[in-house]
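Just so it is clear, the values below take in all heavy atoms, side chains as well, and ignore hydrogens, waters and symmetry mates. Only a predicted model underlies this, so the values are computations on that prediction, with no experimental measurement involved.
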There are 2 protein chains.
Amino acid sequence: MVDKYRGATILNYMVKDRSAGLDRLFRALAHPVRRTMLRRLAGGERNLTELAKPLKMSFPAVSKHVRVLEQARLVQRRVTGRVHWCRLNAAPLKQVVDWSAGFREFWEARFQALDGLLEEMKQQEDAHVRQK
Amino acid sequence: MVDKYRGATILNYMVKDRSAGLDRLFRALAHPVRRTMLRRLAGGERNLTELAKPLKMSFPAVSKHVRVLEQARLVQRRVTGRVHWCRLNAAPLKQVVDWSAGFREFWEARFQALDGLLEEMKQQEDAHVRQK
DNA sequence: TTAATATTAAACCAGATGGTTGACAAATAC
DNA sequence: GTATTTGTCAACCATCTGGTTTAATATTAA
């Protein structure tokens, strides 16, 4: 099979696939609680107690989630007294977008059409993930 | 602290944070081998043997990675005889971009400046992830 | 028919994840 | 000073992850 996309692919290869940073980023984003936390932090700084309040889990669990976000550099912590203030650091999300957007042409319709993959769209509807 | 960003945040809230689909997506993307696989599939269909060739791991391991990508709907499989052809399905990556781009304003410079977070940028350089 | 190829399945393993509880440390409030 | 609040740490647990090896299945080639 011809590598018809190769040219375009190389052009869009901006972000390295092998990156421990991306690993940590994607992994941090893979939990709904952590994504929700980021969303809440978009509303301004929160301390751990505030972050924990709406969550149905123990405080240490919340603390661990924050730690994961911190290690992915998505959250920055500022300690004043006994209170730990968390601030969103969205910068790493740009990496996520940059990496993913490298595939943009592949999900855009004109490209699908160009390749005559209309039947794939149909397949996409009813063909389901092989269940374990 | 005032919720200065709240308005903008709600405006950009397009993709649900709590989504098993996003969980699977981000998780699938959290492994360098799988990201590399996607990149290679961007060059056209590959069967498992071809995908496995450059990888330093057993064939069943490769098969499992493909399965993860498949369950995240990032890969579609077409079986002809004994050969399993894998095709990139980039469509779900749009969700990743949409979710992440909801935070774009927060990583853009004008916004950082607005908040007087220039010192944060410096912090970002040398402040490191709290090590366990 | 027999052998080789492509792939899955099953069993196993070490280590990570995501949660719990209980004890502790430090800062603040009374 | 004593009590309360904020948060960490340590130990523990069940489950998931990512890898292995060996065996099995199905298709193609000789």
Side-chain angles (χ1 to χ4, degrees), chain A residues 1 17-38 41 45-72 74-87 128-132, chain B residues 1 17-18 20 22-38 40-41 45-72 74-87 129-132:
Chain A
M1 173 153 289
D17 294 323
R18 298 201 157 262
S19 148
L22 271 187
D23 289 5
R24 262 181 267 115
L25 258 176
F26 280 122
R27 179 160 290 280
L29 296 174
H31 198 293
V33 164
R34 292 193 290 258
R35 288 197 302 274
T36 302
M37 279 181 170
L38 291 180
L41 289 175
E45 277 192 338
R46 300 274 187 275
N47 65 25
L48 292 201
T49 304
E50 289 172 338
L51 281 176
K53 206 154 295 172
L55 299 175
K56 296 185 291 292
M57 65 178 66
S58 70
F59 197 87
V62 173
S63 177
K64 283 185 186 179
H65 279 301
V66 170
R67 172 68 54 98
V68 171
L69 289 171
E70 208 181 354
Q71 289 177 337
L74 287 164
V75 158
Q76 280 166 338
R77 190 187 300 236
R78 178 173 62 87
V79 180
T80 58
R82 64 184 168 187
V83 183
H84 292 213
W85 292 99
C86 297
R87 156 173 291 170
H128 284 49
V129 172
R130 211 162 304 240
Q131 295 300 348
K132 177 185 279 180
Chain B
M1 173 153 289
D17 293 325
R18 296 202 158 263
L22 271 187
D23 288 6
R24 260 180 269 114
L25 257 176
F26 279 122
R27 181 159 288 281
L29 296 174
H31 198 294
V33 163
R34 291 192 292 258
R35 289 197 300 276
T36 301
M37 277 181 171
L38 290 181
R40 295 196 53 223
L41 289 175
E45 277 192 338
R46 300 273 188 277
N47 64 27
L48 293 200
T49 305
E50 288 171 339
L51 281 176
K53 206 154 297 172
L55 300 175
K56 295 185 292 292
M57 65 177 68
S58 70
F59 197 88
V62 172
S63 178
K64 284 185 185 178
H65 279 300
V66 169
R67 171 70 53 98
V68 171
L69 290 170
E70 208 181 354
Q71 289 176 339
L74 287 163
V75 157
Q76 281 167 335
R77 190 187 301 238
R78 178 173 62 87
V79 180
T80 59
R82 64 184 168 185
V83 182
H84 293 213
W85 292 99
C86 297
R87 157 174 290 171
V129 172
R130 210 163 304 242
Q131 295 299 347
K132 179 185 279 177

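- Closest-nucleotide positions on DNA chain C for His31(A) and Pro60(A) were compared, and the one nearer the 5' end corresponds to His31(A).
- Rounding to whole angstrom units, CZ of residue Arg78(A) and P of dT6(D) are separated by 16 Å.
- For Arg67(A), a side-chain nitrogen or oxygen approaches OP1 or OP2 of dC9(D) to under 4.0 Å.
- Summarising the geometry of Ser19(A) relative to Arg35(B), their closest heavy-atom pair is O-NH2, 3.3 Å, with the distance given to 0.1 Å.
- When rounded to the nearest whole Å, the span between CZ of Phe59(B) and P of dA4(C) equals 18 Å.
- Within the structure, a side-chain polar atom (N or O) of Thr49(B) is placed less than 4.0 Å from OP1 or OP2 of dT7(C).
- The NE2 atom of His65(B) sits 14 Å away from the P atom of dT8(C) (whole-angstrom rounding).
- Using a 4.0 Å heavy-atom criterion, one finds that Ser58(A) contacts the bases of the nucleic acid, with or without backbone contacts as well.
- Rounded to a whole Å, the CG atom of Leu48(A) is 13 Å from the C1' atom of dT5(D).
- Two residues, Arg34(A) and Arg82(A), neighbour DNA chain C, and the one matched to the more 5' nucleotide by heavy-atom proximity is Arg34(A).
- Rounding to whole angstrom units, CD of residue Gln71(A) and P of dA16(C) are separated by 12 Å.
- Here dC16(D) presents its C1' atom at 14 Å from CG of Asp23(B), a figure rounded to the nearest Å.
- Put simply, CZ on Arg27(A) is 8 Å from P on dT17(D), counting in whole angstrom units.
- Checking the phosphate oxygens (OP1, OP2) of dT8(D), a side-chain nitrogen or oxygen of Arg77(A) falls inside 4.0 Å.
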